[in-house]
**Q** 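What follows is a single structure, and I will ask about it in a moment.
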Amino acid sequence: MKVKVAPSILSADFSCLEREIRKVEPEADMLHLDVMDGHFVPNITFGPLVVEAVRRITPIPLMVHLMITDPSKYAEAFARAGADLLLFHLEAVPEPSGLLSQIRSLGPKPGLVLNPETSEEAAFPWLGEVDLLLVMTVHPGFGAQRLIPETLGKVARIRERILKEGLSLPIAVDGGINPETAPLAVSAGAEILVAGNAIFGTDDPLEAVRKLRGK
Ligand code: DX5
Ligand code: ZN
């Protein structure tokens, strides 16, 4: 299993976003873009306009993480903006089949996200319908928080279930991932590491990506 790293631009300097992205471009497997609506989470970030601007400056795949109350209303706008992977929360859409297939027909690969308090069983029925499962390892809304250790048990249990069902979708982890927690997440079964502060909060973001990947 090759570990992939997705720098989260939430921790980048937005006054020079292009320069920030260029720093990680040679090593990043994809970029992670956090969309927050101030309702589903207590913070507000950006919408399709910024996703589209990032799309224009880099060919790196874009993983768009919707932390919004009504993702179905905006799926088309984010697909048009250039999302390669479009993820929404199971807590926002408890019956996600319709939106998952809508996203797929719009172009992006669909994925589901689970908050720390949501059990793995809630995701089991939909594993065959998603291209990626993202497990929040902090409460969503802000960067630079500490990983909640119990969430890694959930990663391991979902991984086990994926194997048991003969599926091959990757698990991503998001929140509090740094050089200390990354190996724990990987041994629990995470294949994609999303990290903001541990990359853009350092003097050498490119080296930080390499370090997280473990080389
Ligand atoms: C948090 C976001 C994360 C955030 C992670 O709500 O979903 O993507 O950027 O930040 P770090 O890596 O700093 O914990
Ligand atoms: Zn995120």
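Ligands are counted one by one from 1 in listed order, and the atoms in each one are counted from 1 as well.
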**Q** What do you get for the angle at the Zn ion (ligand 2) between OD1 on D34 and ND1 on H65, to the nearest 10 degrees?
**A**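 Angle OD1(D34)-the Zn ion (ligand 2)-ND1(H65): 90°, rounded to 10°.
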
**Q** Step through the shown structure and confirm whether more than 12 heavy atoms of other residues, nucleotides or ligands are within 6.0 Å of CZ on R80.
**A**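 No, CZ of R80 has 12 or fewer neighbouring heavy atoms, counting only those of other groups under 6.0 Å.
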
**Q** I'd like to check whether V194 has a polar contact with ligand 1, where a contact means an N/O of the residue lying under 3.5 Å from an N/O of the ligand.
**A**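 N/O-N/O distance below 3.5 Å does not exist for this pair.
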
**Q** Can you confirm, on distance only, whether ligand 1 has an N/O atom lying under 3.5 Å from any N/O atom belonging to G176?
**A**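 Among all N and O atoms of G176, at least one is under 3.5 Å from an N or O of ligand 1.
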
**Q** Any link between L193 and I171 through a network of hydrophobic side chains (Ile, Leu, Val, Met, Phe, Trp, Tyr) touching at under 4.5 Å?
**A**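 Both belong to a single hydrophobic cluster.
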
**Q** Number the atoms of ligand 1 from 1 as they appear, then name those within less than 4.0 Å of a heavy atom of D174, with their elements.
**A**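 It comes down to these atoms of ligand 1: 2 (C), 3 (C), 4 (C), 5 (C), 7 (O), 8 (O).
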
**Q** Considering the heavy atoms of P140, write down every atom of ligand 1 situated less than 4.0 Å from one of them.
**A**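 With P140 as reference, the close atoms of ligand 1 come out as 6 (O).
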
**Q** Please say which of L85, L87, D131, L99 ends up in a side chain to side chain contact (heavy atoms under 4.5 Å, CB included) with P110.
**A**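 So the option named by the test is D131.
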
**Q** Look at K154 together with E150 and state whether they make a salt bridge at an N to O cut-off of under 4.0 Å.
**A**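 Answer for the salt bridge query: no.
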
**Q** Check this for me, if you would: do E20 and K23 make a salt bridge, where the nitrogen-to-carboxylate-oxygen distance has to be below 4.0 angstrom?
**A**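 Judged by the 4.0 Å cut-off on N to carboxylate O distance, E20 and K23 do form a salt bridge.
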
**Q** Classify the angle between the aromatic ring planes of F46 and F14 as parallel (below 30°), tilted (30 to 60°) or perpendicular (above 60°).
**A**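 Plane angle between 30° and 60°, so tilted.
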
**Q** Check R157 with E160, please: is the shortest side-chain N to carboxylate O separation under 4.0 Å?
**A**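 No, no charged N to carboxylate O under 4.0 Å.
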
**Q** For V138, is the nearest heavy atom under 4.0 Å from an atom of ligand 1?
**A**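 For ligand 1, residue contact (heavy atoms, under 4.0 Å) with V138 is absent.
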
**Q** Number the atoms of ligand 1 from 1 as they appear, then name those within less than 4.0 Å of a heavy atom of F142, with their elements.
**A**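 Those atoms are 1 (C), 6 (O).
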
**Q** Roughly how far apart are L184 CG and N178 CG, rounded to 0.5 Å?
**A**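 Spacing of CG (L184) from CG (N178) equals 9.0 Å.
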
**Q** Using a 4.0 Å heavy-atom cut-off, say whether N197 meets ligand 1 through its side chain, its backbone, both or neither.
**A**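 Looking at N197 and ligand 1, atoms from backbone and side chain both fall under 4.0 Å.
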
**Q** Report the atom name of the nearest N/O/S atom of D174 relative to the Zn ion (ligand 2).
**A**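 The D174 atom nearest to the Zn ion (ligand 2), restricting to N, O or S, is OD2.
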
**Q** Give the single entry among A144, G201, A12, S11 that approaches atom 13 (O) of ligand 1 most closely by any heavy atom.
**A**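 Considering heavy atoms of A144, G201, A12, S11, the nearest to atom 13 (O) of ligand 1 sits in A144.
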
**Q** Please report the interatomic distance CG(L163) to CD1(I158), rounded to the nearest 0.5 Å.
**A**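 So the CG of L163 and the CD1 of I158 are separated by 12.0 Å.
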
**Q** Tell me: protein heavy atom nearest atom 9 (O) of ligand 1, and distance?
**A**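 Of the protein heavy atoms, S8 OG, 2.7 Å lies nearest.
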
**Q** State the atoms of ligand 1, each with its element, that fall below the 4.0 Å cut-off from a heavy-atom position in H65.
**A**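 Ligand 1 atoms under the 4.0 Å threshold to H65: 7 (O).
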
**Q** Step by step, would you call E91 with T118 a side-chain hydrogen bond (donor to acceptor under 3.5 Å, both in side chains)?
**A** CA-CA 8 Å; E91 299 83 12; T118 303; 2.5 Å; yes

**Q** Looking only at protein heavy atoms, which one is nearest to atom 12 (O) of ligand 1, and what is the separation?
**A**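 In this structure, atom 12 (O) of ligand 1 has G196 N, 2.7 Å as its nearest protein heavy atom.
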
**Q** Atoms of ligand 1 less than 4.0 Å from M136 heavy atoms?
**A**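 Once the distances to M136 are compared, the set is 7 (O).
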
**Q** Among protein heavy atoms, which lies nearest atom 6 (O) of ligand 1, and at what distance?
**A**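 Checked against all protein heavy atoms, atom 6 (O) of ligand 1 sits closest to G141 N, 2.7 Å.
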
**Q** Quick one: which ligand 1 atoms are inside 4.0 Å of a heavy atom on L10?
**A**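 In order of number, 4 (C), 9 (O).
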
**Q** Is there a side-chain contact between V173 and T181 (heavy atoms, below 4.5 Å)?
**A**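 The answer is no, as the side chains (C-beta and beyond) never meet within the 4.5 Å cut-off.
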
**Q** Under 4.0 Å from a heavy atom of A195: give me the atoms of ligand 1 that qualify, with their elements.
**A**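 It comes down to these atoms of ligand 1: 12 (O).
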
**Q** Could you list which atoms of ligand 1 come closer than 4.0 Å to a heavy atom of G143?
**A**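 It comes down to these atoms of ligand 1: 10 (O), 13 (O).
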
